[in-house]
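One structure is given here, and the rest of the page talks about it.
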Amino acid sequence: MLPTYLEAQEAKQQIVISFSAEFGDHEIQLGEPYDWENETVSITALKYYISNLKLKYQGQVVYLDNAQAQLIDYSIPESKQIRLEIPEYAKFDEVSCNLGIDSAMNVSGALDGDLDPTKGMYWTWQSGYVNFKVEGFSSAIASKDGKFMFHLGGYLSPNLAVQSLNFSVDSMSEINFLLDLDQLLRTIDLNENSSVMSPSLKAVELSESVAQSIRIHE
Amino acid sequence: MNKRAVVILFIVGLVSVSFLVPEENKVLKFNYPESWPKPVYDFESNPLTQAKIDLGRKLFYDPILSKDNMISCASCHLSYTAFTHVDHALSHGVGDSIGVRNSMSLVNMAWSKHFMWDGAVNNLDVQALAPISNEDEMGENIVSVIQKLQDNNEYPALFSKAFGDTVISSQNLLRAIAQFELTFISANSKYDKVMRGEDQFTEQEARGYAFFKDKCASCHKEPLFTNGEFENNGLEIDPSLYDLGRFGITHRSLDSLKFKTPSLRNVEFSQPYMHDGRFTSLHEVMNHYSEGIHYSKTVSKHIGRGIALTEDNRVDVVAFMLTLTDKDFLFNQDLSFPRK
């Protein structure tokens, strides 16, 4: 027979963390054109890694997700959610995670699961994960096809691109991370800079802009 | 049942299970000379077994990894020439805007912490992704390579034998190739025999060795003949390639024109020399160190404006470098094309 304290531990609460991205007040649909600040913009790919997810209470970690990382891919609805089970009595007031993959995991060889290099988020000619990828079209870009592509990553200082996200939350059972694309695109002059494809200071700067464009949806 | 009985039964169980493990799936010890430093490769994450090494060997020699099914790893890394490409100064380029480079000799890979001339690759396991995906090298992508292997009539069974899974994953593919490369150990040259007291240098080799220890070994450090670091040894930049080496990865000015110090083991057979294959003989290399140094801010202090070498010094040092040839390695049948 199980001792009673083990049984007590069985009682769990479910926490669902979901990831959304909005243009104006619309949850984006990949490939849909949006009118935005005198431009027409569409997003064709949006993918990023969330890793090292933690729930904290008064600064103490109460839950540490042991999955290595989750790839949030807007073309795969199921990927936009992380479900956690924590003890029923556990309280938390903060959620924190990394946007992207930290340096240690970047040098850990051939990984599997969401970190499998076949997921299209690994640079092959130079080791390292793409932490955040957004691709699309904008009428503001003078080039023929009007395409923009940002593959942000880099694990070596000074081009270390991983960002940490920390938000206060009240023990809620549903937490929604919202990426505000208006805000993000406002920080980038697409006509001047429509592509970043390798680790660089520019990639770090854009990664910071991405992190600042994420908030908890109340 | 008392505790001791349980423990004994457990041990008996383990022993009988280990009898059931086929020979080719037993974890192998990575053997290397006692006096050598510890390898940096993480064998715990990828324990060596004969089945995995054999699979890696088959993959290394199989052009199935390339788009047109014509080029294998061995096309550029030939075992008889210390796993490098001999007649071509420049192999094809790796990566966007990086330029063209000479193929590297693959030796004592378990001790390497950075891969490629500029250290673009940080772990042996993921190195193979670079040539497989490079347009100018194998022009494939890992997803379709896996599909081709999965559809092949031999590979699913071989992956199953090695990894217990007929479903081929990139992780297992990459780990198998890495395992084969880890077996490229060269430790039986004349130099090694002399160090073990089994042989003797000629007078000329001994003079060359003394000079080498004094002037060259800070970078070409014994016993691996590389310090594993990035150094600028004073090569003048080739304006048509404009290859800044390590700088291309770190973007730090102090890394400009630095390249991974190559091991000199089997250097007799790894010509042409340097990252762009600019020298075809060891004598030219000696002339470079003596008179050809192109001084710039990042040139190592061990080289400065040049290492003065008399004509005799040059001949002596070359004679010493020839003692790094390891015929047992170059002609090791376990490393050559796998015959059935």
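Fair warning: this is a prediction, and the values are worked out from it, not measured in the lab. Letters A, B, ... are given to chains in the order of the sequence lines, protein chains preceding strands, and every chain is numbered from 1.
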Segment of A:Ser200 engaging chain B (4.5 angstrom heavy-atom cut-off): both

Roughly how far, to the nearest 0.5 Å, is CG of B:Asn122 from CD of A:Gln126? 9.5 Å

Working to the nearest 0.5 angstrom, can you tell me the gap between A:Ser157 OG and B:Arg252 CZ? 5.0 Å

Side chain / backbone / both / neither for A:Pro117 at chain B, heavy atoms under 4.5 Å: both

A:Glu78: which residues meet the salt bridge (charged side-chain N to carboxylate O under 4.0 Å, His left out) condition with it, sequence neighbours left out? none

Counting only heavy atoms not in A:Gln60, do more than 12 sit closer than 6.0 Å to its CD atom? no

A:Trp125 vs B:Val121, test: side-chain contact (heavy atoms from CB on, under 4.5 Å). Steps then yes/no. CA-CA 7 Å; A:Trp125 50 274; B:Val121 171; over 6 Å; no

Does atom CG (A:Asn38) have a neighbourhood of more than 12 heavy atoms from anything else shown, all under 6.0 Å? no

Quick one, A:Thr124 with B:Ile132, criterion side-chain contact (heavy atoms from CB on, under 4.5 Å). Give me CA distance, side-chain angles, the key distance, then yes/no. CA-CA 9 Å; A:Thr124 51; B:Ile132 288 175; over 6 Å; no

Atom pair CG/CD of A:Leu111 and B:Gln171 - distance to nearest 0.5 Å: 6.5 Å

Please check if the side chain of A:Asp116 supplies one atom and the backbone of B:Ser169 the other of a donor-acceptor pair under 3.5 Å. no

B:Lys161 atom NZ: more than 12 heavy-atom contacts under 6.0 Å: no

Report which part of B:Ile146 has an atom under 4.5 Å of a heavy atom belonging to chain A: side chain, backbone, both, or neither. side chain

Heavy-atom contact with chain B under 4.5 Å, split by part of A:Asp112: both

Reported CH2-to-OG distance for the pair A:Trp123 and B:Ser133, which is rounded to 0.5 angstrom: 14.0 Å

Residues in ring pair (Phe, Tyr, Trp, His ring centres under 6.0 Å) with A:Tyr57, at least two apart? none

Around atom CD of A:Glu192, are there more than 12 heavy atoms from other residues, nucleotides or ligands closer than 6.0 Å? no

Between A:Val107 and B:Asn123, is any pair of side-chain heavy atoms under 4.5 Å apart? no

So which atom in B:Thr250 and which in A:Asn159 form the shortest heavy-atom distance, rounded to 0.1 Å? O-ND2, 3.6 Å

